[in-house]
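Have a look at the structure below, then the notes.
Lettering of chains follows the sequences in order, A, B, ..., and the numbering in each one begins at 1.
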Amino acid sequence: MKQDILLLIWTVIKIVAIVLPLIIGVAYLTMAERKVISYMQGRIGPNRVGFGGMLQPIADAMKLLFKEIIIPRVSNRYLFLIAPIVSFVPALVAWAVIPFGPHLVLANINAGVLFVLAMTSLGVYGVLMAGWSSNSKYAMYGAMRSAAQTVSYEIAMSFAFVGVLMAAGSLNMQNIVVAQSGGFWHWYWLPLLPLFVVYWISGVAETNRAPFDVAEGESEIVAGFHIEYSGITFALFFLAEYASMILISALAVTLFMGGWLSPFQGIPVLGAWFAWVPGLVWFVLKLCFFLYLYLWMRATFPRYRYDQIMRLGWKILIPVTLVWIVVTGALIELHVGPWFS
Amino acid sequence: MDLLVEQIIFFAFAGMTVLAGAVVVAVRNPVHSVLALVVAFVASAGLWLLLEAEFLALVLIFVYVGAVMTLFLFVVMMLNIRELPSREGFVRFLPLALFALAAIVAMMVFVIGPQHFGLAQYAIPAHHGADYSNIRELGLVLYTHDVYPFELAAVLLLIAIIAAISLSFRGRRVGTRSQVPSAQIAVKSADRIRIIKMASEPKVKR
């Protein structure tokens with residue numbers, strides 16, 4: 001019994017060690033987004049609070065914390081308050097199975113990829129509940145758009161996962177990373193390139209980010225599902241969106257870019273030089289690249305039209321994945337290249 | 001894991017399942033019913049996890065909660081029924097409902113009662129080690145022993161998909177206008193705008 005309690009305390013400490021950096025990461029991701037996009041648009045961005053604007057996210061968080069929470073009189077009160085929580089929690093729970101290093105993972109379970117899929121698919125309920133319980137037309141439209149988009153792109157995303165599962169022969173995240181060891185050219189982004197591209201596009205669509213942000217298109221439906229939210233309830237939606245962005249990037253790193261593996265592995269001199277660097281560093285560096293990609297896409301592409309989003313998802317991405325799953329099967333059967341030999 | 005801890009988890013999830021099931025039929029708002037059904041699904045997934053059937057549990061959440069119930073919720077929200085009218089006919093149909101309830105309970109006790117599924121017939125399933133993979137076992141059974149029923153089910157689903165599409169797709173009718181995406185993508189700027197070179201205005205002398 002005493003051992004159980006110790007285990008419980010140790011697990012809670014580990015959870016805090018994941019969630020706390022994640023929240024700080026979310027805060028500074030909003031900062032990075034504003035800075036990166038402003039430099040891309042020839043502006044300077046926030047530079048008043050703290051050194052070079054570095055305390056801006058803290059100031060924003062304080063502002064949101066102390067704002068009044070307004071609950072619309074005709075809203076469905078309880079659902080209205082539960083919705084932000086329902087959208088925030090799955091974005092955090094899925095982090096339990098992401099490996100940060102050779103032994104750095106909270107739950108090294110055999111069905112890791114399935115667990116992530118199950119948890120990310122729960123996030124849509126927060127959006128739907130928020131849209132419906134607000135009892136507002138724009139919120140309802142936003143929720144409808146978001147739900148349809150998420151359900152459609154989830155299919156393409158799961159098919160992209162299937163390719164990785166076939167290649168690695170395991171659903172365990174740690175095994176998938178280890179199966180890619182051998183250096184930059186051994187990672188799965190190369191043999192599964194079409195699946196990688198499909199995964200990334202549907203990942204961006206799943207998180208309702210530009211250019212697929214029709215769920216909150218400012219010019220069309222003001223702010224979509226969270227139009228009636230204020231203060232900390234709005235902040236929770238914001239946190240959920242950025243936490244799932246980081247999650248989607250972490251999944252891209254784990255499944256296609258070798259997770260915590262060093263990119264210099266197998267290169268004669270460089271490999272030995274960088275052997276001492278802990279896996280966490282490589283993981284975070286790769287993560288930052290994908291997060292930058294998110295911001296880059298937001299600053300570059302105009303928003304998709306709704307029917308074009310649906311067309312892209314159903315008629316282009318899903319057939320591409322279906323074909324490449326068959327190709328992957330052939331590659332594995334023929335023991336092609338350094339990946340499947 | 002202790003047996004006590006396991007029992008606490010089991011009764012928590014089992015209680016949640018039953019409670020959510022009762023809420024589904026008890027509440028008057030259809031959206032609340034659907035959300036209660038979601039809770040019931042998640043709770044029963046927890047029960048399956050307790051049986052070390054992690055594949056089924058996660059697929060239950062992924063497919064039923066993540067996709068099917070989302071569409072349910074979608075439809076119920078679109079219907080725009082705020083609240084069902086008062087329970088008219090509750091008293092009138094009560095005897096019939098009680099009879100049906102009694103019949104169902106009797107049938108369940110008879111079919112899956114302790115005389116068939118008691119500890120004497122089925123021992124407590126053994127706990128497996130950490131290297132046991134339920135997915136692997138399931139795959140081995142599905143693709144060897146039960147491969148024909150499995151393929152048959154797959155073909156049935158394919159037929160259902162084709163039937164659904166052919167029932168709802170009425171073909172392109174004459175006179176209706178629709179977009180041709182390939183033509184839209186192939187458009188060049190020269191098709192839409194004409195750039196005219198012209199001499200700039202002479203400088204105005206002040």
Side-chain angles (χ1 to χ4, degrees), chain A residues 1 3-4 7-8 74 76 78-79 82-83 86 90 97 107-125 127-129 131-133 135 139-140 143-152 154-155 157-158 161 165 169-172 175 305 307-308 311-312 315-316, chain B residues 1-2 4-5 27 29-32 34-36 38-39 41-42 45 48-49 52-80 82-83 128-139 165 178-182 184-185:
Chain A
M1 200 66 202
Q3 217 158 17
D4 283 348
L7 183 72
L8 202 67
V74 287
N76 202 307
Y78 295 103
L79 281 185
I82 292 171
V86 171
V97 295
N108 189 14
I109 59 172
N110 277 331
V113 177
L114 262 181
F115 180 79
V116 168
L117 272 175
M119 287 305 126
T120 49
S121 69
L122 285 181
V124 69
Y125 280 97
V127 175
L128 270 174
M129 280 159 76
W132 183 77
S133 66
N135 203 358
M140 191 69 189
M144 287 295 167
R145 285 181 174 195
S146 171
Q149 185 181 324
T150 313
V151 170
S152 313
E154 222 160 52
I155 301 171
M157 197 162 150
S158 330
F161 281 3
L165 304 184
S170 172
L171 276 166
N172 184 317
N175 290 354
R305 208 173 61 203
D307 61 314
Q308 288 174 337
R311 193 186 118 81
L312 179 71
K315 290 192 175 172
I316 298 171
Chain B
M1 195 161 44
D2 279 349
L4 177 72
V5 178
V27 293
N29 193 326
V31 173
H32 291 179
V34 175
L35 289 173
V38 169
V39 174
F41 276 143
V42 173
W48 284 0
L49 268 185
E52 299 179 359
E54 71 264 14
F55 182 77
L56 290 177
L58 291 172
V59 164
L60 179 73
I61 294 184
F62 178 43
V63 175
Y64 278 84
V65 177
V68 176
M69 292 316 289
T70 315
L71 294 178
F72 257 66
L73 206 57
F74 214 88
V75 172
V76 171
M77 282 178 177
M78 292 290 256
L79 288 178
N80 201 17
R82 271 291 167 213
E83 212 131 281
H128 301 280
D131 56 340
Y132 167 80
S133 173
N134 169 255
I135 301 161
R136 193 180 179 80
E137 301 295 319
L138 204 67
I165 292 172
S178 58
Q179 294 167 350
V180 186
S182 50
Q184 287 180 333
I185 291 165

| query | Residues in ring pair (Phe, Tyr, Trp, His ring centres under 6.0 Å) with B:Phe41, at least two apart? | reply | B:Tyr64
| field | Separation between CG of B:Leu58 and CD1 of A:Ile109, rounded to the nearest 0.5 Å | value | 6.5 Å
| said: Counting heavy-atom pairs under 4.5 Å with chain B, which one of A:Ser133, A:Ala143, A:Ser121 comes out on top? | reply: A:Ser121
| message | Can you tell me which portion of A:Leu171 sits under 4.5 Å from chain B's heavy atoms? Options are side chain, backbone, both or neither. | response | side chain
| Tell me, side chain or backbone of B:Leu35 under 4.5 Å from chain A's heavy atoms, or both, or neither? | side chain
| task | Please name the pair of heavy atoms, one in A:Trp132 and one in B:Met77, separated by the smallest distance, quoted to 0.1 Å. | result | CB-CE, 3.1 Å
| query | In terms of heavy-atom pairs under 4.5 Å with chain A, which of B:Val65, B:Val63, B:Leu73 leads? | reply | B:Val65
| query | Between A:Tyr78 and chain B, which part of the residue has a heavy atom less than 4.5 Å away: side chain, backbone, both or neither? | reply | neither
| query | Under 4.5 Å between any side-chain heavy atoms of B:Asn29 and A:Asn76, yes or no? | reply | yes
| note | Rounded to the nearest 0.5 Å, the CD1 atom of B:Ile61 sits from the CG atom of A:Leu114 at a distance of 10.5 Å
| request: First locate atom CG of A:Leu128, then atom OG1 of B:Thr70, and finally report the distance between them rounded to the nearest 0.5 Å. | output: 6.5 Å
| query | So which part of A:Leu122 gets closer than 4.5 Å to some heavy atom of chain B, the side chain, the backbone, both or neither? | reply | side chain
| query | By side-chain contact (heavy atoms from CB on, under 4.5 Å), which residues pair with A:Ile82, not counting sequence neighbours? | reply | A:Val86, A:Met129
| field | Point-to-point distance, once rounded to the nearest 0.5 Å, from CD of B:Glu54 to CZ of A:Phe115 | value | 12.0 Å
| task | Write down the atom of B:Phe74, the atom of A:Ala147, and the distance for their closest heavy-atom approach. | result | CE1-CB, 3.6 Å
| For the atom pair CD (B:Gln184) and CZ (A:Arg311), what is the distance rounded to the nearest 0.5 Å? | 8.5 Å
| chain B heavy atoms under 4.5 Å from A:Asp307: which part of the residue, side chain, backbone, both or neither? | side chain
